Amino acid sequence: MNLDFSKIVPSIPFILSGIGVTLEYMLLSAVLGLLWGVVLALFKISNNKYLNGFAVVYTSIFRGTPLIVMLALIHYAVPQLTGYSIQPLQSGVITFALNSAAYISETIRGGIISVDKGQREAALALGIPYKKMMWDIILPQAVKNILPAMVNESIALLKDTALISTIGALDLLRRGNLVAAEKYIYFEPLLFVAAIYYGMVMILTFGARVLERRLRRSD
C-alpha cells in the first residue's frame, strides 16, 4: 500500500472550507423541510379528504423516488420547462426540503397520534381553538416523543447533502474529489472527507442526547 497523507496537507484548508457549504444546505433544508413537514402532518390528520389525499400522494411520490433523481429533475429539467436558470443552492435546498418534509410529516403525524386523546378532548371541551390547541398543547408533547426519529432524519439529511456534488456545488465531497483529481490519489482525501462527515454526525448526535435529557427533566 502506497499511502501518503502528507500529500493532501496543503489542500486541507480548501477541503475544510466545504464544511460551511455542506452545513448551509443542511440547515436551510432542515428548517424548510420541518415547516413543510408540519403542514403536511396536519393535512394527514385533517378531516378534509382533499388535504389528506394531497399529503398522502405527496409523501408516496417523494418516498418512492430516489433522491438523486429528484435533484436531477429540479436542477436540470425544471430550467428546461421554465427557461429559468436555477443555481445549485436553490435546487439543492428545494429538493432536500421537499424530500425531507415527506419523511418528517410521517414522524410528526405519529407523534401527534401518540399524544393522549384525552388531552385533545379536554382542550376542545374548554373551548380552546383547534389551532392554539395543536401549537400549544399537542405539538410540544409530540416533539418529545419524536425527537430520536427527528435526529435520525437530520443525520440522514446531513449525509444526503453529499449529492449536491453531482450538480457542481463545492461541498465537502466535491472538494475532496477535486483534490483527488489534482493529486492523482483518492484514498487519502476521500477518507479525510468521510472523517469530517463522521465528526459532524457525532456532534449532532451528542447535541440531540443533551437536548433529550433536558426535555425529560422538564417533564
Side-chain angles (χ1 to χ4, degrees), residues 18-113 131 134-135 138-139 142-143 145-174 197 200-201 204-205 207-208:
I19 294 177
V21 178
T22 295
L23 291 179
E24 181 181 20
Y25 277 83
M26 184 264 186
L27 293 175
L28 288 175
S29 302
V31 172
L32 295 177
L34 176 61
L35 294 176
W36 182 225
V38 170
V39 173
L40 289 173
L42 295 177
F43 283 178
K44 289 178 180 179
I45 63 174
S46 171
N47 292 325
N48 187 309
K49 64 179 181 179
Y50 297 107
L51 294 179
N52 184 279
F54 167 79
V56 170
V57 172
Y58 176 96
T59 301
S60 175
I61 292 174
F62 278 90
R63 292 178 69 179
T65 308
L67 181 55
I68 193 169
V69 174
M70 282 295 179
L71 180 60
L73 280 172
I74 292 177
H75 188 70
Y76 297 111
V78 169
Q80 177 186 343
L81 296 176
T82 63
Y84 172 74
S85 178
I86 187 169
Q87 300 300 313
L89 178 62
Q90 295 172 313
S91 55
V93 170
I94 290 172
T95 303
F96 297 140
L98 294 177
N99 184 77
S100 181
Y103 292 90
I104 289 175
S105 66
E106 280 296 291
T107 301
I108 295 177
R109 183 184 68 85
I112 293 174
I113 293 175
K131 182 178 179 180
M134 291 300 301
W135 286 103
I138 304 300
L139 284 178
V143 167
N145 297 333
I146 66 176
L147 184 60
M150 293 297 290
V151 171
N152 286 336
E153 175 59 29
S154 299
I155 291 173
L157 179 59
L158 175 61
K159 294 188 293 184
D160 285 342
T161 58
L163 293 175
I164 60 176
S165 63
T166 63
I167 58 174
L170 285 173
D171 68 322
L172 277 169
L173 181 57
R174 176 69 173 171
Y197 273 109
M200 291 193 294
V201 168
L204 182 60
T205 302

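Here the structure is a predicted model, which means the values were calculated and not measured.
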Side-chain donor-acceptor distances from residues 31-39 under 3.5 Å, at least two apart:
| residue | atom | partner | partner atom | Å |
| --- | --- | --- | --- | --- |
| W36 | NE1 | Y58 | OH | 3.0 |

[X] to [Y] - nearest heavy-atom pair and separation:
X: L51; Y: F43; result: O-CB, 3.6 Å
X: Y76; Y: T166; result: OH-O, 3.5 Å
X: L71; Y: G92; result: CD1-CA, 4.0 Å
X: M150; Y: I104; result: CE-CG2, 4.0 Å

Roughly how far, to the nearest 0.5 Å, is the [atom2] atom of [Y] from the [atom1] atom of [X]?
X: L173; Y: Y197; atom1: CG; atom2: OH; answer: 6.0 Å
X: L89; Y: I167; atom1: CG; atom2: CD1; answer: 9.0 Å
X: T22; Y: K159; atom1: OG1; atom2: NZ; answer: 14.0 Å
X: L158; Y: L172; atom1: CG; atom2: CG; answer: 9.0 Å
X: I155; Y: T205; atom1: CD1; atom2: OG1; answer: 3.5 Å

What residues form a side-chain hydrogen bond (donor to acceptor under 3.5 Å, both in side chains) with [X], not counting sequence neighbours?
X: Y50; value: none
X: R174; value: none
X: S91; value: H75
X: S100; value: E153

Report yes if some heavy atom in the side chain of [X] is under 4.5 Å from a heavy atom in the side chain of [Y]; otherwise report no.
X: S29; Y: T161; value: no
X: V78; Y: I86; value: no
X: M200; Y: L204; value: no
X: N99; Y: M70; value: no
X: N48; Y: N52; value: no

Side chain to side chain contact (heavy atoms under 4.5 Å, CB included) between F54 and L40, intermediate numbers included: CA-CA 9 Å; F54 167 79; L40 289 173; 4.0 Å; yes
Which atom pairs, donor and acceptor, lie under 3.5 Å between side-chain atoms of residues 59-68 and protein residues at least two apart or in another chain?
| residue | atom | partner | partner atom | Å |
| --- | --- | --- | --- | --- |
| T59 | OG1 | K44 | NZ | 2.7 |
| T59 | OG1 | A55 | O | 2.9 |
| T65 | OG1 | I61 | O | 2.7 |

Donor-acceptor contact below 3.5 Å, side chain S46 vs main chain L42: no
Test side chain to side chain contact (heavy atoms under 4.5 Å, CB included) applied to D171 and Y25, step by step: CA-CA 9 Å; D171 68 322; Y25 277 83; 5.9 Å; no
